[in-house]
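Below is one structure, written out as C-alpha cells, with a few remarks after it.
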Amino acid sequence: MHPINSWIEIPPQADFPLYNIPFGILRRPDGSFRAATAIGRQVVDLLALHELGHLHIAGLDRQMLANAVLNPLIQAGKPVAQALRATLMQLFDVSNTVPSLREKTAAFLVPVEKAEMVLPLDIRNYTDFYSSKEHATNVGSMFRDPDKALLPNWKHLPVGYHGRASSIVVDKTPIRRPWGQILPKDATHPIFGPSQALDFELEMAFVVGTSNPLGTPVAVERAEEHIWGLMLFNDWSARDIQQWEYVPLGPFLGKSFASTVSPWIITLDALEPFRCAGPMQDPQVLPHLRSEGSRTFDIALEAWIQPQGSTPTRICQSNFNYLYWNMSQQLAHHTSNGCNLQVGDLCASGTISGTEPGSYGSMLELAWRGTKPLRLPDGQSRTFLEDGDTLSLQAYCQKDGLRLGFGTASGTLLPALNQPA
Ligand code: MN
C-alpha cells in the first residue's frame, strides 16, 4: 500500500502526493539555498527539518542539504536518498502526531506559490538523444526524404549529440528569441537575423547519479544503477537556424541558446509502480545494447501553449513509453566507448512524439512545417511560437489510485533584441 494520507493537505490530482517526494533546491528570502521536497501545495525545507533534529539518516550530512545544488546529496548515493524519502514519508504521514513537528511547520514549510525554486543541479555535461522513432521519422521526412526518413544507423544505436549545459535554465525563466544564420526560401546565400521558426521539444531528461570512471563502460543491465531520477526538459529549437547549420555535424546554435528543466527531480524509486515495457525493437540490436524486461515508465506528457493575455491550451499529449530506445540503452551506448558520465550530468530523451498528430512533441510536427497551422480557441493560429507565448510542459503518472506529477517546465518567449549583442 502506498502512503497517501498526510497531515499536510494534499489536493486531489496533486503532482506531489506524500508518495512522490521529489527533490529540488529552494532559495530562501535571505538568499540561502536548501535542499527541498514538495508535499501537496507545500515546499519542505529539508535543512530546516534537519536542524530541528528530524532527519537522522546514515550517510546524510547537514552540509548535503545546505548547497545551491543537489549534486552532493546525489553523490552520497541512492541508499541515502532512499532513506531520506522513506523518513519524509513517515514524518508527514497522517499517523505521525509528534507535536514538535506539527507545531513548528512555520520553520520548514513554504507555500508553493511563495517558494523560489532554482536550477537544482550543477550540470557539467548535457547530452540530447533522438530516441523517438515517430519524431525522427517526421523530421527526416520534412528535412530530407520521406522514403529515407530514418538514416541507416537509427535502429542500431540511440543517436545523440553533445548539447550545451551552461544554457539550461529552470522553469519560468524567460527565453530570448535568438539571432542566427538562416537560408531564406529559394535563396543561395544565408542572412543573419532573428529566428522565424522558434519551436519547443517535449522531452524528459535523466539525471546521472553515479559516475563511471573514464575508460569503463556501464553494462546495459546495470545502467539504471547510474540513473538517479527524471525531469521534464524543453529543448527549445530554432528550426530555421538548425536546418541551415546541422549538416554534417548536427545541432549547434539552433539549440544552444536555451533549454528549460522542471525544478523537481522525480526519483526512479517513485516511478517504480509505473514501470513498463517499451516498443519492440526490430531488427534486434547488438548484444551490448540488448535490454531485458520492463525498462521504461508509463509517464503521460503534455505541452500547453498560452499566448500573451490569453488562456492556456493543451496542444500535445504523448507518453515517455513511446520512446524506441530506453534510458538503459542510452546510458550503455553513451559509456560504451569508455566515456565517463558524472554526477549531475543530464541526458535528454529527444522529442517524444507518438503516432497520432495530437501526440507530436514539437510545433514543427504539430503544424507540419508551417503547412497545417494550429488553431487556438481564442481565434489565433500558430505555426511556430510567437513573442509573448508561454510554452509549458507537464507530466504525470497514474495507476491504481496512485497519481504523481513532475511539476512544470515553462518559459515565456521574449522578442529578439534589435541588434545581437
Ligand atoms: Mn532535442
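Just follow the structure's listing: the first ligand is 1, and inside any ligand the first atom is 1. Just so you know, residue 1 is the first one in the sequence shown, and it goes up from there. Both backbone and side-chain heavy atoms feed into the values below; hydrogens, waters and symmetry mates do not.
Salt-bridge annotation for Arg28 and Glu116: absent, with no side-chain N of the basic residue lying under 4.0 Å from a carboxylate O of the acidic one.
Within the 4.5 Å cutoff, side-chain heavy atoms of Leu55 are placed close to those of Leu84.
Near the Mn ion (ligand 1), less than 2.8 Å away, sit the protein N, O or S atoms Asp128 OD2, Glu201 OE1, Glu203 OE2, Asp235 OD2.
Legend: residues meeting ring pair (Phe, Tyr, Trp, His ring centres under 6.0 Å) with Trp228, ordered by chain and number and at least two apart, are Phe23. For Asn125, the side-chain contact (heavy atoms from CB on, under 4.5 Å) partners are Gln342, Asp345, not counting sequence neighbours.
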Got a list of side-chain donor-acceptor pairs under 3.5 Å for residues 152-163, not counting sequence neighbours?
residue: Trp154; atom: NE1; partner: Tyr130; partner atom: O; Å: 3.1
residue: Tyr161; atom: OH; partner: Asp128; partner atom: OD2; Å: 3.0
residue: Tyr161; atom: OH; partner: Asp235; partner atom: OD2; Å: 3.4

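Side chains of Asn326 and Thr296: no donor on one and acceptor on the other come within 3.5 Å.
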